[in-house]
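Worksheet: one structure, shown below.
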Amino acid sequence: MEIPKTYEPKEIEAKWYPIWESKGYFTAQAKSDKPAFCISIPPPNVTGYLHMGHALQHTLMDTLTRWRRMKGYNALWLPGTDHAGISTQIVVEKRLWEQEKIKAKDLGREEFERRVWQWKEHAGGTIQRQIRKEGASCDWTRERFTLDEGLSHAVREVFVRLYEEGLIYRGAYMVNWCPKDQTALSDLEAPKKEVKAKLYHISYPVKDSDEKIIVATTRPETMLGDTGVAIHPNDERYKAYHGKHAVLPLVGREIPFVCDELVEMDFGTGVVKVTPAHDPNDFKMGLTHNLAQINVIDKFGKMTEDAGPEFAGLDRFAARKLVIEKLEAQGLLVKIEDYTHKVGHCQRCDTVLEPLISTQWFAIMKGMAQEAIKAVQDGRTQFIPENWTKVFYDWLENIQDWCISRQLWWGHRIPAWYCSSNHINVARETPSTCSTCGSTELRQDEDVLDTWFSSALWPFSTLGWPAQTDDLKTFYPTSEMITGFDIIFFWVARMMMMGLKFMGDVPFRRVYITGLVRVDGEKMSKMKGNVVDPLDVFERYGTDAVRFTLASSVTGGTDVDLQEVKKKVGGQEIREYPKMEAARNFANKIWNASRFMFMNLGDTEFNNSPFENASRYDYWILSRLNRAIDDISSGLEQFRFFDVTQTLYRFFWNDFCDWYIELSKPVVTAKETTPEVVAARQRVMYILEKSFRLLHPVMPYITEELWQRLPHKGESISIAEFPVSDQSQINDQIEDQMRSVIALITKIRNVRSEMNLPAHEPLTVKLGIKEEALQKVVQESEDAIKRLAKVKEIEIKPDLEIEKFAARAVITGIEISIPLEGLIDLDKERDRLSKELAKIEAEIEKLSESLANPNFVERAQPKIVEQSRNRIADLTSQRETVKANLANL
RNA sequence: GGGCGAUUAGCUCAGUUGGUAGAGCAUCGGUCUUACAAACCGAGGGUCAUAGGUCCGAGUCCUAUAUCGCCCACCA
């Protein structure tokens, strides 16, 4: 069979995915006797592109899904996309403007919606194609989109039920308003950012008095809407003002002093101006003290008529300047300080948000939040790593009502209709008459729901809810949720609440929270130019290699850091990723080990139990294999992806390639095909085949390709059984024995290298081995030692006599002498032995210190004490040997 | 202001009931040994951030401190 010398992933990857998909390997059964396993994908933006964060999470999800599928689960990885309200709408609006100079408003709602669908059809599908490239074993027959008919149905059902229960209400409250995007936002979409600003101290005259009080504000323009001045009820300094009024400068309005505990006496002067219409705190105080709400800023961020003729129409920031100028002119500006504080910004467009009072829909989350907390407390859902649990609790404990309406056109329209008398009709189906007054003139609410509202239903809406489908019965609760910490509140918490509310059970059993993918410790950003495009690196290193890299970078849920090395090639800068190179090399190693086997296979048939009457090293690799199976399985169970990949790497490269293949070579490559030779080939094939299956969840493409080339019949490794370990094949004794053989070979090589001996000159080696069993082991491994350490003659005795011109070494249980008449450099040998002696003595000293301590001997575990004694005995004998050899030089 | 995480070899990171510090990459030396130079063989390199404490014994547990990073919060 022709097989190239290096692994070329491109064609192989392109070949397999369509086969997997068309054969239906990833299609789960709605009803099955097998245990169910399900992961719902965190739906990416329908018009989005794959980034490294997806690649990371999808790799983990795919690895887990493939593993479970191979273990015989009815495994479902359910894919889909999110309509992503604001961001999609913004993208389409921008395109319309750039390409056609049309504003959305001019198109009208229906036409605009049609255009977005059009754009979705056109640009959509990209992300799905890219997910396929990752090798993701999603069940595309069950793909969902949040604006699907089915999901929209679920959204409506949930909205109506919550409304009927009084958990959704409509009202005029203060919300975060984005003057650019023209919509309300939830608190989560309004991250606070530190801003360098000024703190303006303004003096307000007290009515019927010559006194003035000083207030401090970062937003002087809002003073035009002040309707009160607040002080702390216990503040002695201002007791005299209780019940009095201040006269608002520039406006002349008389505004009352109010007492409120929200005021911090220690901050500034302890006096706060109160603008109920433009600050969340002031809004609350306004309600408490019945203060008027005067809107002086509109939804575009411009001053209103109520701000007065001089200010009306001005931008809020221009108004700020003008207010300051005027106050200064009147001598009412006391001072301006530099001040750094946090200001809410739009998550999408970074515009400084304006707190505004507006009529919106809200969901009351407190009760549901408590249920979600309980579900985690009693272990129905588990966070991994565990420390996210606390973050989750803290947020839910302090949850506020969720503003769920958005002033957008792209999304699930709120199922509320108003008659001409503004009676509210919330209904599953479009009503024809008002349920309150019977009016037939109904208009639907213009707003849509927050994107996250539909996402919150994702784990059950995608399985067919509210219909009681087989899918829903089989796969809910889903098994694992894998996502980033950045959407724990946006999404995970809300799924928990909605799942518990509407399904009566948690949406998933475990949540694995991943970190961020960084480059050289930095967040990726277009500005920095350090964005890594997954498709680009798939192309350059192979998808399997990138997957392996990502999986191996996942440790305790901490961030994944890709190192980057910049190289100039022909004046062009190329960015390389050493970890990916290493993983590519690993893939190449797998390729070449397989190549070795295929080259020597002939017409050898596959044998499921080729380990009858085999050699020690055969049983050794079998033991190593079974140990690896255990480690990999428990690692996958516990999301310990680093351990999984490391075990795969070490088992395959170090144990299998470096030792087993080398040890097997003479038999496997023999020209004559005796039954022993056939058996040896079958053993290599057996180990290799199991290795492919172990590797497959992480590296699906290369393993499928190679597995298919094996002589046995199997449809696809995707649906092959994941190896199960056989404890009876794990053999500590044999592993110990092989450790000695390996140590011996390594030591001889080491001496050769250290003594600068010719690389190819076969050596004669004398070994002093007292223990009979070990003697036997070494004797039986003579051929291997000769070949792998380049030795022509081995002599084994219980003790070695002193010899003048020889390099001497010692390992546990074995004394080594390599006669080097004429080749030896005595000074060099003396140096080498002295160093060795120093090492041994240092260890002896450490051990004897603890053994000399009676407390250690009494209190330490007996096992540990015994180990120390054995070790020290071994070291002491080694020391004597080295000393004697040194003295003889 | 609260909370969380990190600090181990030049770099990136492992280190699961406390019991002689590990890997990959990089470095140095040697090899085309017919699977693989994207390879093989060998070597060097760490007072585990600092200071205390518990313990026979601490990278691992406790308490402070420092530096970095992240999250949450209604001091205008």
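Lettering follows sequence order; numbering is per chain, from 1.
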What nucleic acid atoms does [X] come within less than 4.0 Å of, heavy atoms only: base, sugar-phosphate, or nothing?
X	value
A:R584	base
A:T217	sugar-phosphate
A:F586	nothing
A:E662	base
A:N750	sugar-phosphate
A:D643	base
A:S552	nothing
A:K589	base
A:V272	base

Determine, for [X] against [Y], whether the closest basic-nitrogen to carboxylate-oxygen distance falls under 4.0 angstrom.
X	Y	answer
A:E8	A:K10	no
A:D394	A:K390	yes
A:E829	A:R832	yes

Counting side-chain heavy atoms from C-beta on, which of [options] comes nearest to [X]?
X	options	value
A:R595	B:C4, B:C36, B:C71	B:C36
A:A582	B:A35, B:A76, B:C25	B:C25
A:R650	B:G22, B:C41, B:C25	B:G22
A:R518	B:C36, B:C40, B:G69	B:G69
A:R871	B:C74, B:U20, B:A14	B:U20
A:T218	B:C4, B:A35, B:A76	B:A76
A:F489	B:U12, B:G29, B:C72	B:C72
A:K192	B:U33, B:C74, B:A38	B:C74
A:F642	B:G42, B:G19, B:A14	B:A14
A:A759	B:C13, B:G30, B:C25	B:G30

[X] side chain near [N] phosphate (N/O to OP1/OP2, under 4.0 Å):
X	N	result
A:Y339	B:A76	yes
A:K273	B:A76	no
A:W591	B:A39	no
A:K835	B:A43	no
A:T746	B:G42	yes
A:T555	B:A14	yes
A:R640	B:G15	yes
A:N585	B:A39	yes
A:K5	B:U34	no
A:K790	B:C41	no

query: Side-chain donor or acceptor of A:Q861 under 3.5 Å from a matching atom on the base of B:G19?
result: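 Yes, a donor-acceptor pair under 3.5 Å.
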- prompt: Side chain of A:Q563, base of B:U12: donor and acceptor closer than 3.5 Å?
  reply: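 For A:Q563, whose side chain was compared with the base of B:U12, there is no donor-acceptor pair (under 3.5 Å).
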- request: Would you kindly compare A:V271 and A:D561 by the position of their nearest RNA chain B nucleotide and give the one closer to the 5′ end?
  value: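 The 5'-side residue here is A:D561.
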RNA chain B: 5'-proximal contact among A:C657 and A:M265 (nearest heavy atom):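 First, find each residue's nearest nucleotide; the 5'-ward one identifies A:C657.
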- prompt: Would the A:W653 and A:Y649 ring centres measure less than 6.0 Å apart?
  reply: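 Yes, the ring centres sit under 6.0 Å apart.
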query: When the aromatic ring centroids of A:F392 and A:F383 are compared, is their separation below 6.0 Å?
result: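 Ring centroids of A:F392 and A:F383 are less than 6.0 Å from each other.
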message: I need the full list of salt bridge (charged side-chain N to carboxylate O under 4.0 Å, His left out) pairs touching residues 639-667 of chain A, with sequence neighbours left out, sorted by first then second residue.
response: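 Pairs touching residues 639-667 of chain A that pass the test: A:R624-A:D655, A:R640-A:D643, A:E662-A:K665.
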task: Scan for salt bridge (charged side-chain N to carboxylate O under 4.0 Å, His left out) pairs involving residues 862-876 of chain A, sequence neighbours excluded, and state none if there are none.
output: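 Listed once each, the pairs are A:E843-A:R871, A:R871-A:D874.
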- prompt: Just checking, is any N or O donor in the side chain of A:K273 or A:T222 under 3.5 Å from an acceptor N or O on the other one?
  reply: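 Per modelled atom types, A:K273 and A:T222 side chains form a pair under 3.5 Å.
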query: Using purine N1 to pyrimidine N3 plus N6-O4 or O6-N4 for Watson-Crick, or N1-O2 and O6-N3 for G-U wobble, both under 3.5 Å, which nucleotide pairs with B:G59?
result: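 Partner of B:G59: none found under 3.5 Å.
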query: Who does B:A35 pair with, Watson-Crick or G-U, both distances under 3.5 Å?
result: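 Checking every strand shown, B:A35 finds no partner, since no pair has both distances under 3.5 Å.
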field: Atom P, compared across B:C25 and B:G42: separation rounded to whole Å
entry: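 Approximately 14 Å lies between the P atom of B:C25 and that of B:G42.
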